[in-house]
2 protein chains.
Amino acid sequence: MKNITIKDIAKIANVSYATVSRALSGVPGVSDETRSRILKICEEIGYTPDYMARSMVTKSTKLIGLIVPDISNPFMSEMAFNIEQFAGESGYHIMLCNSVSSLEQEQNVFKLLMGRKVDGILIFPTGAQSHKLLEKYLDKIPVVFVSENLGSFHASYVTVDNFQGTSIGTEYLYSLGHRNILYFGRRASHKLRYEGYEAICKKYGLEPHFYESPYHTDSIKHGYDMAMDLFKANSSLPYTAIFASTDSNALGLLKACEEVGIRIPEDISMLGFDNIPYSGLPKIMLSTIEQPYKLMATAAVSMLIDKIDNPEFGYSHKILSPKLVVRSSCQKLD
Amino acid sequence: MKNITIKDIAKIANVSYATVSRALSGVPGVSDETRSRILKICEEIGYTPDYMARSMVTKSTKLIGLIVPDISNPFMSEMAFNIEQFAGESGYHIMLCNSVSSLEQEQNVFKLLMGRKVDGILIFPTGAQSHKLLEKYLDKIPVVFVSENLGSFHASYVTVDNFQGTSIGTEYLYSLGHRNILYFGRRASHKLRYEGYEAICKKYGLEPHFYESPYHTDSIKHGYDMAMDLFKANSSLPYTAIFASTDSNALGLLKACEEVGIRIPEDISMLGFDNIPYSGLPKIMLSTIEQPYKLMATAAVSMLIDKIDNPEFGYSHKILSPKLVVRSSCQKLD
DNA sequence: TTGAAAGCGCTACCAT
DNA sequence: ATGGTAGCGCTTTCAA
């Protein structure tokens, strides 16, 4: 089955194939009559232009590489949906890669994506070291990180204000009367989340406590496993509230609490971070800090496209505001 | 910033660029000495081959197009993760497109993907008519549908046995003593799910009832809206159990029930379909029919790659077995 | 074993 | 307004 090329349709239309190219690209320099005749022929014989060949000469693939730790995480998939939609509006397509929370795999797919000649890369870094490891490619291809500001090197990123997020969360817990609050999750990759929590603790003279996650990624399962370890190590918990670093962690924690008979919020209050759709489920009703998904997605895409169009423009940062979502997982103490 | 090409490294190595190509492609016909010298140079100056240029001549992009209605749906994102991983093992990359449950958009992205010269397309059809609309492309590019068998045309697909799924679900409900069961969701795109339910109803002389979804996609929100409409139209429901067509629908229904004060499973039993991770959350504990995610993903990918490698081999079907997952959303009647 | 050159489908430049 | 053609980076004959 031979491929139809502009040469074929040039032959049919009795013009040079340069003219066909012009007609299809919409550039001026073709009479309206010729153009519409050519377009009609293309339509009829079902010609589709070859993006690859076009890309070879234009040096632009209209392709964006998207690297996420794990697309099955609702935070990622929600972002991915919005990213794909918004990128599509600008004529970009998405090449999706999971780094499966491995720095090595992250490097691999990054290099692969470069070989694929994507115009730019949007990356949800898997860890704090991702930035450093990827630094050497940053002048070779436009990249924007979707993550908090880690390190001080020169890179574009968009992020929610994680520090502010946990600050308002901890303030909320404090206002409810909580004085013993545990931070539950990863501190390395969400450094600023921990620091926001810590800052408010200090502000009120509370002792900050944390339970560090041994995992490189957040999921219900990991949250559950962590929680079970925590319970095993402590026969009774001295906290009145737990601030989980992500909703996924919180959901796993919730599951573990249910199993060992800890009631939420009667026995202990719980606050999450992200506001994934499942946090609003009945009986779950997790209070949490919301990330502005759609805004983050559009900001990330347009920042990347800006960088693609103007590589010389340096780099930019965009920090979006989080929002407290009060449901019913936190109790007022008296 | 000039691109490094094989010509550059040919110059450095003092060989023709054909030799470089041979060395890199691993084809025989280059002395070991020359090859290792070339490879070392590539390594040193950080050369990465241009997949596009390569694809132009080999006519193979090692790219798979993945079309899903909505990647933010957990069923889709779970599948997408496994698909990406498994495809990656065979050297394929994924181009992700959301059809946003629109037949028109589905057609658009399909054509776009063809223009991108992907080697094959994996599609989660958005509706019953998808197959018919896409039929005309099926001899132009390898396609495998991830969906139940709709219509009788010639196309490859992998699916869970939807009929069997709702059959065992309905049998389960019947065995619990339920005699008035409502089927809740879309019947058009999950025709066989409805029919499995219907068949078991008939088998036991029960009257099948359904509440048809006006939506083209399943989500918590749609399930919730549907449920609210249902409740508004009926002051008291004559059913003892509801079989939701998907877990997402069930979760929305659950939310609505909570709001109007219907207790699950005390007042009414509820069964879902898919077994997304959130169905196992504490207090939710939705009993459901499980789809074998990983198996479906690997089956779909290997079926597609088979078709890519042997386009002349016709088409194939693979129907996987569902499994009942009993949690606590269904009550035994006495 | 290696080199020369054609050609993949297209855009863009230079002519006309 | 249209045609001719070089060339994008690569693989793959065909010769040497």
Side-chain angles (χ1 to χ4, degrees), chain A residues 1-39 41-42 45-63 91 112 114-119 140-141, chain B residues 1-39 41-42 45-63 91 112 114-119 140-141:
Chain A
M1 172 181 57
K2 200 194 156 295
N3 230 316
I4 306 166
T5 75
I6 45 171
K7 294 195 180 180
D8 298 316
I9 89 114
K11 210 164 290 168
I12 300 176
N14 244 307
V15 292
S16 75
Y17 70 93
T19 304
V20 178
S21 172
R22 277 189 281 261
L24 289 167
S25 319
V27 295
V30 193
S31 71
D32 286 352
E33 188 268 323
T34 317
R35 163 163 290 139
S36 59
R37 190 161 52 88
I38 289 174
L39 258 30
I41 294 172
C42 290
I45 68 176
Y47 164 81
T48 47
D50 186 325
Y51 279 72
M52 296 251 142
R54 180 178 293 179
S55 298
M56 276 211 65
V57 13
T58 60
K59 297 288 160 207
S60 150
T61 54
K62 288 284 179 179
L63 237 30
L112 238 28
M114 285 184 63
R116 291 287 192 180
K117 295 288 180 285
V118 297
D119 289 344
K140 301 212 189 307
I141 184 170
Chain B
M1 170 183 56
K2 201 194 155 294
N3 231 316
I4 307 166
T5 73
I6 47 173
K7 293 195 180 180
D8 297 316
I9 90 113
K11 209 163 291 170
I12 301 175
N14 243 309
V15 291
S16 74
Y17 68 92
T19 304
V20 178
S21 171
R22 278 189 279 259
L24 288 166
S25 321
V27 295
V30 193
S31 71
D32 286 352
E33 189 266 323
T34 316
R35 163 163 291 141
S36 59
R37 191 161 51 90
I38 290 174
L39 260 27
I41 295 173
C42 290
I45 66 175
Y47 165 81
T48 46
D50 186 325
Y51 279 72
M52 296 252 143
R54 181 178 291 177
S55 296
M56 275 212 64
V57 12
T58 60
K59 297 288 161 207
S60 150
T61 55
K62 286 285 178 178
L63 236 32
L112 238 27
M114 285 184 62
R116 291 286 193 182
K117 294 290 180 284
V118 297
D119 288 345
K140 301 212 188 307
I141 185 169

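Given the structure is predicted, the values throughout are model-derived calculations rather than measurements. Each chain gets a letter, A, B and so on, in the order its sequence line appears, and its residues count up from 1.
- With sequence neighbours left out, A:S55 forms a side chain to side chain donor-acceptor pair (under 3.5 Å) with no residue at all.
- Under the side chain to side chain donor-acceptor pair (under 3.5 Å) criterion, B:S60 pairs with B:D119, not counting sequence neighbours.
- The closest side-chain heavy-atom distance from A:T61 to B:M52 is below 4.5 Å.
- Taking A:T58 as the reference, nothing meets the side chain to side chain donor-acceptor pair (under 3.5 Å) condition, with sequence neighbours excluded.
- Taking atom CZ of residue B:R116 and atom P of nucleotide C:dG9, one finds them 18 Å apart after rounding to whole Å.
- If you take CE of B:M56 and P of C:dC8, they are 8 Å apart, rounded to a whole angstrom.
- Between A:S16 and D:dT2, a side-chain N or O to OP1/OP2 separation shorter than 4.0 Å is absent.
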Fill in the blank from the handout: Readout for nucleotides 11-16 of chain D: B = base within 4.0 Å of protein heavy atom, S = sugar-phosphate only, - = neither; 5' to 3' it is BBB---
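- Following rounding to the nearest Å, A:N3 (CG) and C:dC8 (P) show an atom-to-atom distance of 11 Å.
- Regarding B:K11, its NZ atom lies at a distance of 20 Å from the P atom of C:dT2, rounded to whole Å.
- DNA chain C is contacted by no residue of residues 30-38 of chain A, taking any non-hydrogen atom closer than 4.0 Å.
- Helix bend of the helix from C:dT1-D:dA16 to C:dT16-D:dA1: the angle between its two end axes, each built from five pairs, comes to 40° after rounding to 10°.
- A:Y47 comes within 4.0 angstrom of sugar-phosphate atoms only, judged by non-hydrogen atoms across all strands, and of no base.
- A:I4 and A:G46 get closest at one heavy-atom pair: CD1-O, 4.3 Å.
- Using a 4.0 Å cut-off, some side-chain N or O of B:K59 falls inside it from OP1 or OP2 of C:dG9.
- A:L24 meets the side-chain contact (heavy atoms from CB on, under 4.5 Å) test with A:I6, A:V20, A:L39, A:C42, A:Y47; sequence neighbours excluded.
- Here A:K7 pairs with A:T5, A:Y17 under the side-chain contact (heavy atoms from CB on, under 4.5 Å) rule; sequence neighbours left out.
- In this structure, the CG atom of B:D50 is 18 Å from the P atom of C:dC8, given to the nearest Å.
- Atoms CD1 (A:I4) and P (C:dG9) sit 11 Å apart, rounded to a whole Å.
- Taking the side chain to side chain donor-acceptor pair (under 3.5 Å) definition, one finds that B:S16 meets it with B:T19, sequence neighbours left out.
- The salt bridge (charged side-chain N to carboxylate O under 4.0 Å, His left out) contacts involving residues 16-33 of chain B comprise B:E33-B:R37, where partners must be two or more places apart or lie in separate chains.
- When every heavy atom of A:M114 is checked against every heavy atom of A:K140, the shortest pair comes out as CE-CB, 3.8 Å.
- Within the structure, salt bridge (charged side-chain N to carboxylate O under 4.0 Å, His left out) pairs that include any residue of residues 46-63 of chain B do not occur (at least two apart or interchain).
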